[in-house]
Amino acid sequence: MRGPAACPPPRGELSAALAETLAHAPGRRALPGPGLAERADVYGDDLQLALHLCYELHYRGWAGVDERWEWDPALLELRQTLERRFLFALRADVPQAGDVEDALRELVLDRADGQDVTRFLRDQGERWHLREYAAHRSLYQLKEADPHAWMIPRLTGRAKAALVTVEYEEFGAGRAERVHAELFAGLLRDLDLDDSYGHYAPAVPAVTLATVNLMSLLGLHRVHRGALAGHFAVLECTSPPGSRRLVEALRRLGAGEAAIGFYAEHVEADAVHEQLVRHEVIGDLLEKEPRLAPDVAFGIAATVWLEERLAEHLLTAWKAGRSSLRAPLD
């Protein structure tokens, strides 16, 4: 088993000051002041990387960073400032969420309009596009389902049972080699990419970091359990058709069975998961706590909005013939 990844290089004053402090034991150096946290562009590289540095302490940590930082009160206070700004911006920018049932029905329509990365990859993508897409997605896929596991102790009854059913399958149904994160590592190797956890964090832009930071933010706070359920619904409802197109793209471009197998697994599994999340997890949660309906709707809307921003970034870069990453892959 490989150790934790090294902290990504800073992208501004805020992330530089935070990385410098994390290199020492808690209490040895002062954390960045509130001024830096308030001035940084909320969707920019500096703030989103700072959030990512904070959140990864709750997953596998960083090489050379003292594990006691995870629950350091001063760091949590800084993170709270960053989270407050991120959530405030999302609530201002995301189109107003409506009825949960309407939002869920919209997710499964698989409309052909708008920015669709998987259709681009299927119809005209080249191997370098697929490799870049995998690098972007690696920040989540190598910890697939981990953020949503924080929902388990916050649910009861049918909702808990259904969520655990989905998570059990995401974690390989008792077989280590079938854990979805391990399957994605195989996809990376198949595409001649590095399968190390966090390897591509320095390469991805803020627009990618934001999609991953959202699920960590929602997962770490019980108060956001409704929004996290909405986030999970987006992933499960939109996965089957998108995964089917990615299977076609990978086959067209001659990828190996490991790469194809990852998305083929999601075509079938997520079709079942979609029903469980919609009708059992969200359905039972809202029967017990109907006041969480606006939170579920917001989780859906915010996830879709951030994913659409990422899709626009990818397609704009690719259609112009340039890399979507901070530096092209080798």
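Values reported hereafter were calculated over all heavy atoms of this structure, with side chains retained and with hydrogens, waters and symmetry mates removed.
Contact of the Y55 side chain with the N213 side chain is registered, since non-hydrogen atoms from C-beta on lie closer than 4.5 Å. Between L90 and F298, some side-chain heavy-atom pair lies under the 4.5 Å cut-off. The shortest distance between side-chain heavy atoms of L75 and L22 falls below 4.5 Å. The closest side-chain heavy-atom distance from P147 to Y59 is below 4.5 Å.
Every pair tested for salt bridge (Lys or Arg N to Asp or Glu O under 4.0 Å) that includes a residue from residues 87-99 fails, sequence neighbours excluded, so the list is empty.
Rounding to the nearest 0.5 Å places CZ of R252 at 7.5 Å from CG of D123.
The side-chain contact (heavy atoms from CB on, under 4.5 Å) test with E280 is passed by exactly one of I282, D284, V277, L276: L276.
Of the N and O atoms on the side chains of E144 and Q141, at least one donor lies less than 3.5 Å from an acceptor on the other residue. Side-chain contact of S324 with H136: a donor-acceptor pair under 3.5 Å is present, judged by distance alone.
Note: the hydrophobic cluster containing L187 also contains W128 (ILVMFWY, side chain heavy atoms under 4.5 Å, direct or indirect links). When the side chains of ILVMFWY residues are joined at heavy-atom separations under 4.5 Å, either directly or via intervening members, Y197 and V179 end up in two distinct hydrophobic clusters. In the hydrophobic clustering of ILVMFWY residues, with side-chain heavy atoms under 4.5 Å counting as a link, L82 and V94 come out together. No chain of hydrophobic side-chain contacts below 4.5 Å, direct or via other Ile, Leu, Val, Met, Phe, Trp or Tyr residues, connects L142 to F171.
Ring-plane geometry between H221 and H224 is classed as perpendicular, the angle between the planes exceeding 60 degrees on a 0 to 90 degree scale with a lower cut at 30. Note: H129 and F120 have perpendicular aromatic rings, judged against thresholds of 30 and 60 degrees for the angle between ring planes. Using a 30° and 60° split on the angle between ring planes, Y140 and H148 fall in the perpendicular class, above 60°.
The residues R189 and E182 are annotated as not salt-bridged, no charged nitrogen and carboxylate oxygen being separated by less than 4.0 angstrom. A salt bridge does not link D146 with R60: every distance from a Lys NZ or Arg NE/NH1/NH2 to an Asp or Glu carboxylate oxygen is 4.0 Å or more. Under a 4.0 Å N-O distance rule, the pair E38/R84 qualifies as a salt bridge.
In this structure, the ring of F232 has its center no less than 6.0 angstrom from the ring center of W150. For F184 and H180, the distance between ring centers is not under 6.0 angstrom. In summary, the aromatic rings of H24 and W69 are positioned with their centroids too far apart to meet the 6.0 Å limit.
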